Amino acid sequence: MATLVQAVRMALHVGEERLGVTDIFGQDVGPPLGGVFTATQGLRTAWNTPLDERGIVGMAMGLALAGQKPVAEIQFCDYAFNTIDLLKLCGNTYWSSAGDWNVPMTLMTPVGAGIHGSIYHSHSFDAQATRIPGWKIVMPSQPRDAYGALLSAIDDPNPVMVLLPKALMRARAESEAELIPGEPDARELRARIDAPIGDRSAWVPDWPDTPIEQLPIGKAARLREGTDVSVVTYGRLARVAMRAADQLRAQEGLSVEVLDLRWLHPYDWDAIAASAHKTGRVLFLNEDTEITNFGEHLIRRTCEDLFADLKIAPRLHAGAHLPGVGLAEPLEAASVPTMASTLEAIREAARAPEVGRSLRDVPRVVRRAPVVDYAIDPRELAGHAAHRDVFARSLRYR
Amino acid sequence: MLEGRVLEERLIRMQRQGEGYFWIGGPGEEAFNACVGLLMKQGQGLDYDYLHAHYRSSATLLALGAPSIDALRQMHNVKTDPYSQGRNFVGHFSKREWNVAPITSPIEVQFSIAIGTAHAQRRHGGEGITIVQGGDAGTAEGDFATCLVWSSRPNAELPILMIVTNNEWGISTHASTQHGEKNIADRGKAFGIRTAICDGNDVESAWFALEEAMRYVRNERRPFLLQANVSRLYGHSSSSGSNYVESETDCLNVLADKLAARGFRSPDETKRLREQIEASMRAWYEQVITEPKPDPEDAFDFVFADKNHVGGEA
Ligand SMILES: Cc1ncc(C[n+]2csc(CCOP(=O)(O)OP(=O)(O)O)c2C)c(N)n1
């Protein structure tokens, strides 16, 4: 039974042998270490880079433009923040060149708290990532999903970001159904694909034969079925929500539905809408800081599009808007959702009094095509001095 | 060169007349940039040269064979603009067919991206190289250091020609107030990177320096850093007035004087040639201003690709 990080490694192996991956690279990604989380041990195309995140992202972009298939790793997402303008550029290259250059690259990076990582190994990246158009973004919580996510990312002609929950790197599948087809049992797998301790210069992995099984882009997974309340989550907290749902069902008789979004962009709106329609109570759950959080976007859309289905206002349980996740356990527990706080948030959402029907009885929002309205007619500008502030006359949309 | 200048003057005029929102471009760099275009190994894919250029590279594109009218189209942000279909500022070229990577507004990022095409070419072998170009002020960005470090990794040296077109200005900040290094090219030396400095206002100096640098990168498969000293003839951009700067050396005059002195072309012939090009440019301009703008719904095109174009899917 593979751990999540072993699943990533197996997928990368399939990627380089069967999907044309040319380069897997990043800090300490090549031999001897094979990645600080071991995600890249034993891979044929893995190599070490200078300690330069901008160089890593730029290298991936350039390789992609040159028709290669790169997979780049940023060692911790905490250190990806100095690459954000390159990530933006990567996301806008196909668009700004009007379809001339697509950028087929995969960027993977460990995210989130839960490993006592202190201020700079506990950051989340989902709020940042979902602010960057032109990327597909996936955050798996299960080994088989991680395996498929990597293969989908590699096969896609666009930039795809794979956010790997740090705390789940050693997590295993919860049931037989979630095994990767062809994977051997845990002990055998370890013997075959984990690098030995000590000198590993002569070591070669013995890869199991696993298929090209992709994770359908934009499709959520229903981890628990329920009728009282919907929890829409992803990453590390998907597993917390699953356990919370089991406990609440067993001990308090609550029927909790848990949706693991998996893809943050494009995301599975149909699944969210169907679940909200059924329960009328939606709790969005993630561990990024709560202000300008991806869950806030989902709440906005839930209010606009699904208002008539709701029994309570949709809620968000997320990280506190603090400058960091502190190292001491009480500090970390105060910064990001825990099992206890998640149980409480679900209970509250399930039991909050239903708001009156009159409030919800409003017409559905119909989306309009954008209408262009020039703030200034460009014709009026003829003959004016050249050095006016050009940006003031930008297009206004309403 | 001459067409490059006439093009830029037309673009400046279009901006002033409200036929475009912003002008930035390459007057003053024509001598050097035309040589880049003429000496590049032009084509698509790893066997040809990749160009990661600066927003002052119009003369390079013209030397490669790009029609001036397409730059006018980008200035007027019409849908027929082949580089961005009205999405980007003028001078932001992109042409996959010739390995011209999209030119972008953020300064110096091309120096981080270029190492990727160069890495692919190192592995591929052959003659193709990567050329990356930017201004002098931009070398203070980390991306320039990225390029120095990544192109000179032991046993992984990259076939990359780094070019710094040095006009001594950022926007309004002079290099002498911010930079302690004597020459930008010297920064290559610490990495064992071969360097040279040329007079980018002089076609001959530019041509021979580029030819030598390209030959070295092509054959040795190692990096080279070339500093070309150039003029900035119309200021930074339309936001700084875009007026002709009399005190700067004009590369067109340098060339015209040489051509006349050596009996290749008289001043009168040069004048007539300029008038011919100006007439064509006016006609192209008149055509462009009748062409349609993109529709609002066009904004939603090209967010995601469904084919791997760069990977060869048609
Ligand atoms: C990263 C970034 N910072 C700031 C700017 C604004 N800006 C545009 S051009 C410019 C000056 C660039 O000078 P240089 O690199 O010497 O190139 P030149 O324009 O002189 O050719 C500045 C500061 C920018 N476009 N990108």
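No experiment lies behind these values; they were computed from the predicted model shown. Just so we're on the same page: letters track the sequence lines, and every chain starts at 1.
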Salt bridge flag under 4.0 Å for residues A:D100 and B:K95
no
Side chain from CB out, backbone as N, CA, C, O: work out which of these in B:L46 comes under 4.5 Å of a heavy atom of chain A, or both, or neither.
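It is the side chain, since no backbone atom gets that close.
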Just by distance, do the side chain of A:N102 and the backbone of B:V310 share a donor-acceptor pair under 3.5 Å?
yes
Flag, side chain of A:W95 to backbone of B:R87, donor-acceptor distance under 3.5 Å:
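No, because the side chain of A:W95 does not come within donor-acceptor range (under 3.5 Å) of the backbone of B:R87.
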Taking side chain to side chain donor-acceptor pair (under 3.5 Å) as the test, write out the residues that go with B:E108, two or more places apart.
none
Name all residues meeting the side chain to side chain donor-acceptor pair (under 3.5 Å) criterion together with B:E291; count only those two or more places apart in sequence or in a different chain, and write none if there are none.
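For B:E291, the residues satisfying side chain to side chain donor-acceptor pair (under 3.5 Å) (neighbours in sequence not counted) are B:R73, B:T80, B:Q287.
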Are there residues of residues 17-36 of chain A that reach to under 4.5 Å of chain B by heavy atoms, and which ones?
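The stretch touches chain B at A:T22, A:D23.
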Sub-4.5 Å heavy-atom contacts with chain B: which residues of residues 40-48 of chain A show up?
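Checking residues 40-48 of chain A against chain B gives A:W47, A:N48.
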If you count heavy-atom pairs within less than 4.5 Å of chain B, which of A:P104, A:G55, A:A60 leads?
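Highest number of pairs under 4.5 Å: A:G55.
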Give the intermediate values and the outcome of side-chain contact (heavy atoms from CB on, under 4.5 Å) for residues A:T93 and B:T104.
CA-CA 9 Å; A:T93 296; B:T104 64; 5.9 Å; no
Please report the shortest heavy-atom distance between [X] and [Y], naming the atom on each side.
X: B:W150; Y: A:D52; answer: NE1-OD2, 2.9 Å
X: B:A305; Y: A:P157; answer: O-CG, 3.4 Å
X: A:L65; Y: B:Y50; answer: O-OH, 4.3 Å

Side chain, backbone, both or neither of A:P133 within contact of chain B (heavy atoms, under 4.5 Å):
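Nothing of A:P133, per the 4.5 Å heavy-atom cut-off to chain B.
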Rounded to the nearest 0.5 Å, what separation is found between the CG atom of A:N158 and the NZ atom of B:K307?
13.0 Å
May I ask you to test the B:H309-A:W101 pair for a side-chain heavy-atom distance under 4.5 Å?
no
Of all of B:S84, B:P82, B:G311, which one pairs up most often with chain A through heavy atoms under 4.5 Å apart?
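Ranked by heavy-atom pairs under 4.5 Å with chain A, first place is B:S84.
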